[in-house]
Amino acid sequence: MTGEHVLICVAWPYANGPLHLGHVAGCYLPPDIHARYERALGNRVLMVSGSDEHGTPITVTAETEGVPPQEIVDRYHAINTQALLDLGCIWEPNVDSRGIEYGGALFNRTSDSEHKRYVQENFNSLLAAGLFEQKTMQQYYEIRNDGGRFLPDRYVEGECPNCGEDGARGDQCDECGTTYESYELQNPRSKMNPDSEIEIRDTEHFFYRLDRFQEALEFHANDRNPHWKANVRAMTKQWLDMGLRPRAVTRDLEWGIPLPLEGDKWKGKCVYVWFEAVQGYYTCAKIWSERFAESDDWRKWWCVSDDGVAPRHLYFLGKDNIPFHTVIWPALIMGLNHANNGLGDEDPVSLPGPGDLALETNVPAMEYLMLAGGQFSKSRKHAVWLPSFLERFDPDTLRYYLSINMPENHDTDFNWPDFVEKINSELNGTYGNYVNRVMSLGNKLGGDNPLQIHDDLDRCNDDKERLEQIYVQLTQSLNRHRYKEALRHVMSAAQYGNQMIQKAVPWKYLSEPGPSDTSEYSDERRQSLSKLSFGWRLARFMAITSQPFLPFSAQRLWTMLGQTGNVSDASFESATDWSTPITWSTISEPLFSRLDLEAILEEEQTLAQSEQVTVHDDPGHGVKGSGKKTKTKEDENMTEAPEGTTFLNFETFMSVELRIGTITSVEDHPNADKLYVVHLDDGTDEGRTVCAGLKPYYSVDEMMEKQVVFVANLEPRKLRGVLSEGMICAADDDDGAVKLITVDGSISNGSRVR
RNA sequence: AGCGGGUUGGAGUAGCCAGGUUAUCUUGUCGGGCUCAUAACCCGGAGACCGAUCGUUCAAAUCGAUCACCCGCUACCA
């Protein structure tokens, strides 16, 4: 188990916003823990990732801010790189301290010119191997003075050919759910620039022949099934059962990697982001080799050896990314092998053999970390961003809490009271306090190395055995990617230490100086102090085994124990090396400090308020997903109108027709979770129907018969299939409370409000 | 409504794929102890009809079916 090549692949964060705690728990902390663990085992670890810097959402952000896309990605690449380093992730140094043959790490970026070059190379070889098919598609094109551009389906809206609803998207109507070809859309327009002229043009695109890999992938999935977690098994199975179809690898885009093809018809086309970013695992390893090692060294981490041994590949990512890594990426890898082996269109594809690029060993995907009570994006004030967290707290407190609360099997919550409680009672009470006990008891004995003379391992066989047992359990858990459980095992050592000290009552013997020759001590005293000495060994065990989880405090402890160098360079096995001579240092300080919940909550409140003002346009809200990127951000950016506080003139205000109505019936919306369908008596014979999103705040009974204020001249709009002819007014506050506006006394329905 | 995940002592969780002693651990709570240590630590107790129902089985938290509720995504909001 020593000297193995292990490639740790970390999902590429999208450089469109800062990382939040959800990202950290989902896909940035686990790989760091694992990489540190593999290193400590003596394995050769190469860790690769970087910023995903292409794609439409970034251009949208750039457009909104009026800056070039490069400026956006430069900004967030810098912020996120720094935040990950501050968290203690071993992205630096790039070369392993044990030597280049042990690997290292590179946090690269997809705008790297070498990355581009490799992607283009791969594109060409896959093309040559007949793994692409070419299709002509119809796509909307926005005609502009500066040249114009193709519009993705999401950026086109018009009237639905089926229900006539305005606001339907290019390929699907949200109201009636129909999908159609984009040319069927009526009165299409660009969502970004509604006034510009748009037309349908033919556009040529390449598709990757995923379908050709169906069989190989099924075989691969069966092979990996026993190792995969349930969520990975389920998601992969679902994809394979649906049947794989060719998938587009090119798009009409400006910001990305251009197609490496000659000819006008390929101008303005880029490689699809998914196709390109996912190759980062491979290009990053190559680039690392070129910059820091021999140019062929990457093969040790990527290629199956001549005798058929594959390097271990571990991919860390959020659950939304699973199929990309168990289906699509393996298909690309096999495609590259196919091409590199000079095979073509006619030849069957196959699983990797000697010399080929290897497929993944495991994909320990995490579920999501949620923010307490944070359901809606407007509760953005609840979001916890990594950079701002690290400004205020010891990174190890975060690492501890996220590890012990890791969303391994299902979504988990981040909340401040729980965070404070875990840090205070577990990290401080059990671990910190244990260390502090040993250190201060030792110091009270006095001398340069007070515990060394009491070292008597023959009296501590049970204790040795217990720690050895914990060590076995710990490594088993880590090997199975059960980080939560693993950290519990580490903590159980501290707990055992507290019990051992408690039982040995060494404080009884502090005040008796006794003879200088320990052999003349009473047996009780020798027994007691030998346990205290073993307490030092247990603390050293803690330093080594907690290092992957809590690197900063492990190092502090290591130094306090009088050990030299870096604890991260100590081998994991040496945690139970009882022959190590006991050392001591003059430094002794608490490992962690207690947190004050009240103060934190107050600070959060202040921070949240200021944040709401300054980053109102930030799209990366919420602490939800760990890898969910394009979709939500795209939407937020698209829909968020620029905010400004200009004064409303009187006429404009009067154009809003507010009227009084009585609620006559309330029903659940047949097709929406949060909507009621409300009938109002608005003074007319037939009344009117309004959809209201009040389900979370009001029961049917509470709403019935209330006289409320509603907007009468709002453009009628279908909400999930039901026509809503107005809007019921309600007030909401920062705490998320929502209350209907009612009338003081009674007045006839239909009365104007002004 | 579509897709995915969940429901286990007050809270958070393990166990479920490969059914089988007293259902795990952390925290909280109650009682006791200790005083070296950060209102800390140690010992002991109480506390769970494992979401509901039906089925398979000698045996179900675990397998199958149905239902309910919760969460996320899609979507939606005042």
Side-chain angles (χ1 to χ4, degrees), chain A residues 22 172 174-175 177 225-226 228-231 233-235 238 242 319-320 322 367-368 370 373-378 404-413 415 417-418 421-422 424-445 482 484-485 487-489 491-492 494-495 497-511 532 535 588-595 622 624-625 628 631-632 635 639 669-675 691-697 711 719-721 724 727-733 736-741:
Chain A
Q172 183 180 10
D174 292 333
E175 303 307 323
N225 244 359
W228 281 347
K229 301 200 324 184
N231 57 354
R233 276 203 294 264
M235 290 255 201
Q238 203 194 337
M242 280 190 313
K319 64 176 165 186
D320 54 335
I322 290 170
E367 302 285 323
Y368 291 151
M370 310 291 188
Q375 301 163 339
F376 272 54
S377 61
K378 76 174 174 185
I404 210 74
N405 198 21
M406 201 172 267
E408 286 170 359
N409 297 307
H410 50 78
D411 299 345
T412 58
D413 275 340
N415 73 71
D418 193 40
E421 184 185 285
K422 288 251 175 0
N424 283 348
S425 101
E426 297 179 20
L427 196 58
N428 271 296
T430 307
Y431 182 9
N433 180 56
Y434 169 72
V435 169
N436 201 27
R437 285 178 101 174
V438 173
M439 296 309 295
S440 73
L441 281 167
N443 281 329
K444 283 182 180 166
L445 278 171
R482 294 164 157 252
K484 206 164 14 177
E485 185 181 277
L487 185 52
R488 282 270 166 240
H489 287 311
M491 294 302 287
S492 75
Q495 200 167 24
N498 273 321
Q499 291 165 353
M500 186 181 74
I501 300 281
Q502 190 76 19
K503 216 166 120 195
V505 289
W507 48 89
K508 271 191 178 174
Y509 305 99
L510 293 178
S511 50
L532 180 56
S588 172
E589 57 190 20
L591 269 189
F592 312 99
S593 42
R594 290 182 65 85
L595 301 176
K624 291 167 286 198
K628 124 181 58 119
K631 286 178 193 154
T632 48
D635 279 1
T639 52
H669 192 292
N671 196 24
D673 293 336
K674 291 170 181 155
L675 295 181
C691 293
L694 295 168
K695 239 177 175 174
Y697 312 104
V711 184
L719 294 179
R720 300 206 62 86
S724 180
M727 191 165 101
I728 298 178
C729 294
D732 67 329
D733 64 17
V738 173
K739 291 291 168 196
L740 285 169
I741 315 276

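The chains referred to below are lettered A, B, ... by the order of the sequence lines, with proteins before strands, and numbering in each begins at 1. Since we're looking at a predicted model, the values are computed, not measured.
Contacts of A/Gly429 with the nucleic acid, taken as non-hydrogen atoms under 4.0 Å apart, involve only primed sugar atoms and P, OP1 or OP2. Looking at heavy-atom distances under 4.0 Å, A/Ile728 makes contact with sugar-phosphate atoms alone, never a base. Residue A/Tyr434 is out of contact with every strand shown, counting any heavy-atom pair closer than 4.0 Å. No engagement by A/Pro506 is indicated, since no non-hydrogen atom pair under 4.0 Å with the nucleic acid exists. In this structure, A/Lys484 reaches the sugar-phosphate backbone alone: every heavy-atom distance under 4.0 Å involves primed, P, OP1 or OP2 atoms, never a base. Contacts of A/Arg488 with the nucleic acid, taken as non-hydrogen atoms under 4.0 Å apart, involve only primed sugar atoms and P, OP1 or OP2.
Under the Watson-Crick or G-U wobble criterion, with both distances below 3.5 Å, B/U27 is paired with B/G10. Pairing for B/G72 goes to B/C3, judged as Watson-Crick or G-U wobble with the two contacts each under 3.5 Å. Base pairing of B/C54: its partner is B/G64, meeting the Watson-Crick or G-U wobble criterion (both donor-acceptor distances under 3.5 Å).
Annotation: B/G12 and B/C50 have their C1' atoms spaced 16 Å apart (nearest Å). For the P atoms, the distance linking B/G72 with B/A59 amounts to 41 Å, nearest Å. Rounded to whole Å, the P atom of B/G5 lies 13 Å from the corresponding atom of B/G64. B/C25 and B/A46 are spaced 14 Å apart, taking the P atom of each and rounding to whole Å. Taking the C1' atoms as reference points, B/G28 lies 16 Å from B/A48, given to the whole Å. Going from the C1' atom of B/U57 to that of B/C42 covers 46 Å, rounded to whole Å.
Distances shorter than 4.0 Å separate some side-chain N or O of A/Gln495 from OP1 or OP2 on B/U26. A/Arg482 has a side-chain polar atom (N or O) that falls below the 4.0 Å cut-off from OP1 or OP2 of B/G15. Not one side-chain nitrogen or oxygen of A/His489 sits closer than 4.0 Å to the OP1 or OP2 atom of B/A14. Taking 4.0 angstrom as the limit, A/Asn409 places a side-chain polar atom (N or O) nearer than this to OP1 or OP2 of B/A14.
Side-chain proximity of A/Trp507 to B/U26, B/C34, B/G6: nearest is B/C34. For A/Gln499, taking side-chain heavy atoms from C-beta onward, the closest of the listed nucleotides B/C42, B/G72, B/U26 is B/C42. Listed candidates were B/G12, B/G5, B/C36. Nearest to the side chain of A/Glu367 is B/G5. Taking only side-chain atoms of A/Asn436, from C-beta outward, the nucleotide of B/U38, B/G15, B/U26 with the closest atom is B/U38. In the set B/C42, B/U38, B/U13, B/C42 carries the atom at the smallest distance from any side-chain atom of A/Gln502. Which of B/U35, B/A14, B/C41 sits closest to the side chain of A/Asn498 comes down to B/C41. Closest contact between the side chain of A/Ser425 and the listed nucleotides B/G28, B/C36, B/U13 involves B/G28. Nearest nucleotide to the side chain of A/Arg594, out of B/A14, B/C42, B/U38: B/U38.
Both A/Leu591 and A/Thr430 sit near RNA chain B, but only A/Leu591 has its closest nucleotide nearer the 5' end.
A/Asn433 is listed as a side-chain neighbour of A/Arg437, based on a closest heavy-atom distance under 4.5 Å.
The separation between A/Lys319 atom NZ and B/G72 atom P is 10 Å, rounded to whole Å.
Residue-to-nucleotide contacts include a donor-acceptor pair under 3.5 Å from the side chain of A/Arg233 to the base of B/C17. Applying the 3.5 Å distance criterion, the base of B/U38 shares no donor-acceptor pair with the side chain of A/Asn433.
At distances below 3.5 Å, not a single donor-acceptor pair connects side-chain atoms of A/Lys444 with backbone N or O atoms of A/Trp507. At distances below 3.5 Å, at least one donor-acceptor pair connects side-chain atoms of A/Asp411 with backbone N or O atoms of A/Tyr368. Looking only at distances, a side-chain donor or acceptor of A/Asn424 sits under 3.5 Å from a matching main-chain atom of A/Leu595.
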